[in-house]
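Please read through the structure below; I'll follow up with questions.
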Amino acid sequence: MLEARGLTKTFGRLCALDALTVRLSGGQSVALIGPNGAGKTTFIKCVLRLVLPDSGELTLDGASLLDNPALRSRIGYMPQIGRFPDHLRVGQLFELMREIRRGTHSGTDEDLIEAFRIDRIAHQTARTLSGGTRQKVSACLALLFDPDLLVLDEPTAGLDPVSAEILTEKVRAVRAKGKLVLLTSHILSDLDEIATDVLYLIEGRMQFYRPIAEMKAESGETRLGRIVAGMMRQAAADALRPEEPAA
């Protein structure tokens, strides 16, 4: 379980996170969405300890992520653009990661390595990899040590349809094991295939956090993109409506 309580972060005059309080549980795939500048990236960076909040708490299974750097080993992260040392071969990259984690993990998850046939590119240096191949390598590294929390930033960007489906099925399997998946994507149709819940942020504040199935049942709509667009239009209309005078 990942829990934020009063999480606040400012950059100068910009408030990226405004007392964010939310609880995410294992077995969920939570889509983190919102307009540019909503605080999505800042929240993810706080989870990864790349940014420290000004105030508030952030815990994983009750233990503070902010005070315990060792908890980072329980998190797998797939960035939007994977960046690796140019001179390293792909095979060497995986050997390096296994060596770094030696003694902290008893086993590894090789499913995606086999599904993506990473053995075929093990001899290639990182500088020669295409964007889609970098995505495959990033996904394999994120899942290699069977993390309890999996963070995916635009996971299907650059992947061909077959590879995107392989990754989607793997994420579903991870969720079925009771792990928590936190993901972002600007392509809502991709989230429709993976996510179980939506956490919607605006200006660092949570606007809603709801199961997708519940939203679809209420709206009668089957596409997440249309549901979210409708909710955004309604929110904008509410913001423009003049306040009624107090009785």
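As a basis for the values below, the full set of heavy atoms in this structure was taken, side chains included, without hydrogen atoms, waters or symmetry mates.
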Looking only at atom types and distance, does a side-chain atom of Thr156 sit under 3.5 Å from a main-chain N or O of Leu159, one as donor and one as acceptor?
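Between the backbone of Leu159 and the side chain of Thr156 there is no qualifying donor-acceptor contact (under 3.5 Å).
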Smallest separation among heavy atoms of Met97 and Phe145, with atom names
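Shortest heavy-atom contact: O-CZ, 3.5 Å.
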Can Asp192 and Lys216 be counted as an ion pair, charged N to O under 4.0 angstrom?
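Salt bridge present between Asp192 and Lys216.
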For the atom pair CG (Leu65) and SG (Cys46), what is the distance rounded to the nearest 0.5 Å?
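Rounded to the nearest 0.5 Å, the CG-SG separation comes out at 10.0 Å.
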Between Glu110 and Arg98, does at least one N-O distance fall below 4.0 Å, as a salt bridge requires?
yes
How about CZ on Arg223, more than 12 heavy atoms from neighbouring residues, nucleotides or ligands closer than 6.0 Å, or not?
no
Note: Ser185 and Leu188 closest approach over all heavy atoms is O-CD2, 4.4 Å
Check for me, please, whether Val174 and Ile212 land in the same ILVMFWY cluster - side-chain distances under 4.5 Å, paths through other members count.
yes
Identify the two heavy atoms, one from Arg134 and one from Arg127, that lie closest to each other, and give their separation to 0.1 Å.
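Looking at all heavy atoms of both residues, the closest pair is NH2-CA, 4.1 Å.
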Tell me, with the steps shown, if Val51 and Ile44 meet side-chain contact (heavy atoms from CB on, under 4.5 Å).
CA-CA 9 Å; Val51 166; Ile44 287 176; over 6 Å; no
Would you mind reporting whether Lys136 and Ile166 have side-chain heavy atoms less than 4.5 Å apart?
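No, every pair of side-chain atoms sits at 4.5 Å or beyond.
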Quick one: CG on Leu17 to OG1 on Thr41, what's the gap to the nearest 0.5 Å?
10.0 Å
For a quick test of reading the model, state the closest non-hydrogen atom pair linking Ile118 to Cys140 and the distance between them.
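Scanning both residues completely, I find the closest heavy atoms to be CG1-SG, 3.9 Å.
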Are Val162 and Ile194 connected, step by step, through hydrophobic side chains (Ile, Leu, Val, Met, Phe, Trp, Tyr) whose heavy atoms are closer than 4.5 Å?
yes
Could you tell me if the side chain of Met206 sits less than 4.5 Å from the side chain of Thr21, heavy atoms only?
no
Quick check: does any side chain N or O of Thr10 sit under 3.5 Å from a backbone N or O of Thr8, one acting as donor and the other as acceptor?
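Not at all, since once roles are kept as given, no pair shorter than 3.5 Å links the two residues.
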Short side-chain to backbone donor-acceptor contact, Ser25 and Met1, under 3.5 Å
no
Atom pair CG/CG of Leu32 and Leu182 - distance to nearest 0.5 Å:
5.5 Å
Is Arg210 close to Val198 at the side-chain level, that is, under 4.5 Å between some pair of heavy atoms?
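When only atoms from C-beta onward are counted, Arg210 and Val198 do not touch, as no gap falls below 4.5 Å.
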Quick check on Gln92: does its CD atom have over 12 non-hydrogen neighbours (other residues, nucleotides or ligands) under 6.0 Å away?
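Yes, CD of Gln92 has more than 12 neighbouring heavy atoms, counting only those of other groups under 6.0 Å.
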Here's a test for you: under side chain to side chain contact (heavy atoms under 4.5 Å, CB included), which of Asp148, Leu180, Val151 qualifies with Ile75?
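Testing Ile75 for a side chain to side chain contact (heavy atoms under 4.5 Å, CB included) against Asp148, Leu180, Val151 leaves exactly one candidate, Val151.
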Could you give the distance from CD (Glu214) to OG1 (Thr196), rounded to the nearest 0.5 Å?
12.0 Å
Do Gln135 and Met78 have side chains that get closer than 4.5 Å, going by heavy atoms?
yes
How many angstroms lie between atom CG of Leu144 and atom CG of Asp109, to the nearest 0.5 angstrom?
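Interatomic distance, Leu144 CG to Asp109 CG, rounded to 0.5 Å: 7.5 Å.
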Give me the atom names and distance for the closest heavy-atom approach of Ser29 to Arg175.
OG-CD, 3.2 Å
Treat each ILVMFWY residue as a node, draw an edge where side-chain heavy atoms are under 4.5 Å apart, and state whether Leu2 and Tyr200 are in one component.
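No, because Leu2 and Tyr200 fall into different hydrophobic clusters, even though each may have its own neighbours under 4.5 Å.
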Could you tell me whether the side chain of Asp61 reaches within less than 4.5 Å of the side chain of Arg74, counting heavy atoms only?
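Yes, at least one pair of side-chain atoms sits under 4.5 Å.
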Contact check, side chains of Ile121 and Phe116, non-hydrogen atoms, under 4.5 Å:
no
Given side-chain contact (heavy atoms from CB on, under 4.5 Å), test Arg5 with Thr59 step by step and report yes or no.
CA-CA 9 Å; Arg5 294 188 294 274; Thr59 60; 3.8 Å; yes
Do Phe208 and Val30 sit in the same hydrophobic cluster, where Ile, Leu, Val, Met, Phe, Trp and Tyr count as joined when their side-chain heavy atoms come under 4.5 Å apart?
no
Indicate yes or no: at least one non-hydrogen side-chain atom of Asp146 is less than 4.5 angstrom from one of Lys179.
yes
Would you say the side-chain atoms of Lys40 pair up with the backbone N or O of Leu201, donor to acceptor, closer than 3.5 Å?
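The answer is no, because no donor-acceptor pair under 3.5 Å joins these two groups.
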Could you check if a side-chain atom of Val90 sits within less than 4.5 angstrom of a side-chain atom of Arg120, using non-hydrogen atoms only?
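No, too far: nothing below the 4.5 Å cut-off.
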List the atom of Pro53, the atom of Lys9, and the distance in Å for their closest heavy-atom pair.
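What the structure gives for the nearest pair is CA-CD, 4.0 Å.
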Given side-chain contact (heavy atoms from CB on, under 4.5 Å), test Arg89 with Thr128 step by step and report yes or no.
CA-CA 9 Å; Arg89 292 184 174 87; Thr128 67; over 6 Å; no
Could you walk me through whether Arg172 and Glu193 satisfy the side-chain contact (heavy atoms from CB on, under 4.5 Å) test, starting with their C-alpha distance in whole Å, then the side-chain angles of each, then the deciding distance to 0.1 Å, before giving a yes or no?
CA-CA 9 Å; Arg172 288 173 180 155; Glu193 296 294 320; 3.3 Å; yes
Please check if Val171 and Leu199 belong to a single hydrophobic cluster, counting links between Ile, Leu, Val, Met, Phe, Trp and Tyr side chain heavy atoms closer than 4.5 Å.
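Looking at the clustering, Leu199 is in a separate group from Val171.
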Say you draw a straight line from CG of Leu112 to CG of Leu141; how long is it, rounded to the nearest 0.5 Å?
10.5 Å
